[in-house]
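Heavy-atom basis, side chains included; hydrogens, waters and symmetry copies ignored. Note on naming: letters A, B, ... go to the chains in the order of the sequence lines (proteins, then strands), and numbering restarts at 1 for each one.
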Protein chains: 2
Amino acid sequence: MNISFDIKQFVEALENSCHKVRKKTFSKNEVITNYIEKRNQLCILLDGSADLVRYDLNGNRTIIDHFSKYDVFGEVFYIVSTNNELFVEAKGKCEVLFYIYDDIKKKCKTNCKFHETLTELLPELILNKVTNLNMRIELLTKRSIRDKLVGYFNLISSMYLTKSFSLPFSLTDLADYLSVDRSAMMRELKLLKDDGFIEKTGNKITLLYK
Amino acid sequence: MNISFDIKQFVEALENSCHKVRKKTFSKNEVITNYIEKRNQLCILLDGSADLVRYDLNGNRTIIDHFSKYDVFGEVFYIVSTNNELFVEAKGKCEVLFYIYDDIKKKCKTNCKFHETLTELLPELILNKVTNLNMRIELLTKRSIRDKLVGYFNLISSMYLTKSFSLPFSLTDLADYLSVDRSAMMRELKLLKDDGFIEKTGNKITLLYK
DNA sequence: AATAATTTGTTGCTTTTGCAACAGAAAAAA
DNA sequence: TTTTTTCTGTTGCAAAAGCAACAAATTATT
């Protein structure tokens, strides 16, 4: 996305701020943070990729959100309801910046550059988030697995500006992201292939339509 | 929600701003606005209720979002992709404020009170939006109609702080909101009733569990 | 390099959901 | 008030999705 430059500014300002910011490194499958009521943490993924995951009472795993470089997450962006364990897990080596959001409102006495950058960039940062959430909702409201898959492929395709791409997810994770049964999704992928809509080798997809 | 006071401030500042703000009234079923690429309009619903609606290629109607007093909407919160007609329709008499977002960034020369209030309140406004979107996603990721219904009821119940409430939707609209077939939803509602989980008279629901 | 763990691909069977159609109730319009 | 329109409630049947189980392939770990 074209906000990466702004984010760099933001991160720099945050790191040089008068407030306490923690930076930490994680390796694959480690839990980066879990969402706790009222804490209002704001995290920035400086490097790597991670998933926001929930397990429901039936043991179904859902990938609520997928984060890559410079994405933001934390309770700031999510009201935590007690009956859902939410946590962010690293998909590989990750570098993460932690910050408590509430401090942003309390103006520091020295009126540092940090607050200036923050108030300027935060809305844009969050709007970017909103856009992602809306795209997600658009996918989830599709009525069939096929429509979800095609919708997702179109999204990736228009993001990378190519009809041929590797999925940023494993197929198992993609099913959890689209909130469908994995084997049913595999079946549908095969049908899409048989019907000549896509080509598929491993998790490399080529769109043949339009 | 507890942001209504802040929104009032916001609206006041907006109306007295140095920029062009349009206010307009709509009656039931009128189209308040449709989402147009790159316009970046920001709207505030001053009174009434309205739905953000999409019709897909198969003619399925989906209620993407439901707005009530002081909710914000517009392209600012949505990247418009060409293959989806998105519009907001009034569910009854509505009063709406229109504003073009891009003007917010361009600081006016006179450094008016408006910009101050705006930069202060906007992040909070949008965060509120994010929270709603996340709740929506949580509902949509539920794997069955029953889970979606129960999830939705729990939400309403905890919002109104009562186990007995009238649905803010017609049942037809609720199905579109949960993105499921209406008759299948009706069937599931009946099963929930038969299983003793809920009581239902018209669109008044009472939760019997917990 | 060998072993263990995870992911992919497939399938038969069951359950859930969607579709279509219709009658009655309720709400809106004339 | 009467008529028209929309919404609710129901059902049989068809289609889609979920579940479970397993082998093959791929990827990590030792």
Side-chain angles (χ1 to χ4, degrees), chain A residues 27-30 51 53 56-63 89-93 139-151 166-195 198-205, chain B residues 27-30 51 53 56-63 89-93 139-151 166-195 198-205:
Chain A
S27 46
K28 192 180 170 164
N29 289 328
E30 272 192 280
D51 290 336
V53 173
D56 69 16
L57 301 167
N58 310 323
N60 283 320
R61 175 172 179 267
T62 305
I63 297 182
E89 37 184 49
K91 300 303 287 178
K93 268 223 166 72
L139 280 184
L140 290 173
T141 53
K142 307 248 185 224
R143 306 293 173 103
S144 65
I145 295 184
R146 172 172 290 219
D147 283 352
K148 285 181 184 175
L149 281 171
V150 171
S166 291
L167 295 171
F169 278 129
S170 74
L171 292 170
T172 305
D173 284 356
L174 180 58
D176 287 343
Y177 182 75
L178 297 179
S179 202
V180 298
D181 179 72
R182 185 190 64 84
S183 64
M185 188 191 80
M186 295 299 283
R187 181 166 38 209
E188 204 56 46
L189 275 172
K190 201 183 164 221
L191 288 176
L192 276 169
K193 219 166 77 175
D194 292 351
D195 292 352
I198 63 166
E199 234 159 49
K200 172 174 176 303
T201 325
N203 72 348
K204 180 162 183 172
I205 306 283
Chain B
S27 46
K28 192 177 169 166
N29 289 329
E30 273 193 279
D51 291 334
V53 173
D56 70 16
L57 301 168
N58 310 323
N60 284 319
R61 175 172 178 268
T62 304
I63 297 183
E89 38 185 47
K91 300 301 286 178
K93 269 223 166 70
L139 280 183
L140 290 172
T141 53
K142 307 249 185 221
R143 305 295 171 105
S144 65
I145 294 185
R146 172 171 291 221
D147 283 351
K148 284 181 186 174
L149 282 170
V150 171
S166 292
L167 295 171
F169 278 129
S170 74
L171 292 171
T172 305
D173 284 357
L174 180 58
D176 287 344
Y177 181 74
L178 297 178
S179 203
V180 297
D181 179 70
R182 186 190 62 85
S183 65
M185 189 191 79
M186 296 298 283
R187 182 165 38 210
E188 205 55 44
L189 275 172
K190 201 183 165 221
L191 290 176
L192 276 169
K193 220 165 74 174
D194 292 351
D195 292 353
I198 64 167
E199 233 159 50
K200 171 174 177 303
T201 325
N203 72 348
K204 179 162 183 172
I205 306 282

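When all heavy atoms are compared, the tightest approach of B:Leu140 to B:Tyr177 is CD2-O, 4.1 Å. Here the shortest heavy-atom pairing between B:Ser179 and A:Thr141 reads OG-O, 2.5 Å. Nearest heavy-atom pair, A:Lys148 versus A:Leu178, reported as atom, atom and distance to 0.1 Å: NZ-O, 3.5 Å. Residues B:Ser27 and B:Ala90 approach most closely at O-CB, 3.7 Å, considering heavy atoms.
Side-chain contact between A:Leu174 and A:Leu149 is present, with at least one heavy-atom pair separated by less than 4.5 Å. Inter-residue side-chain proximity for A:Ile198 and A:Leu189 is flagged as met; some heavy-atom pair is nearer than 4.5 Å. Within the 4.5 Å cutoff, the side chain of B:Asp173 has heavy atoms near those of the B:Lys91 side chain.
Look at CG on A:Leu167: it is 10 Å from P on C:dG9, rounded to the nearest Å. Computed from coordinates, the A:Asp194 CG to C:dG9 C1' distance equals 13 Å when rounded to whole Å. Rounded to whole Å, atom C1' of C:dT17 lies 6 Å from atom CD1 of B:Ile145. The interatomic distance linking A:Ile205 (CD1) with C:dT8 (P) rounds to 11 Å, in whole Å. The nearest whole Å value for the distance from the CG atom in B:Asp181 to the P atom in D:dA17 is 13 Å. For the pair B:Asp176 CG and C:dC19 P, the computed distance is 12 Å after rounding to whole Å. Between the CZ atom of A:Arg146 and the P atom of C:dG18 there is a distance of 17 Å, rounded to whole Å. We find that CE of B:Met185 is positioned 16 Å from C1' of C:dT16, with the value rounded to whole Å.
Recorded end-axis angle for the helix from C:dA1-D:dT30 to C:dA30-D:dT1 stands at 70°, based on five pairs per end and rounded to 10 degrees.
Every pair passing salt bridge (charged side-chain N to carboxylate O under 4.0 Å, His left out) that includes a residue from residues 175-184 of chain B is listed here, sequence neighbours excluded: B:Arg61-B:Asp176.
Not one N or O on the side chain of B:Thr201 forms a donor-acceptor pair closer than 3.5 Å with the backbone of B:Lys204.
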Next item on the list: At under 4.0 Å between heavy atoms, which parts of nucleotides 7-14 of chain D does protein reach? Answer with one letter per nucleotide, 5' to 3': B base, S sugar-phosphate only, - none.
Entry: SBBBBB--
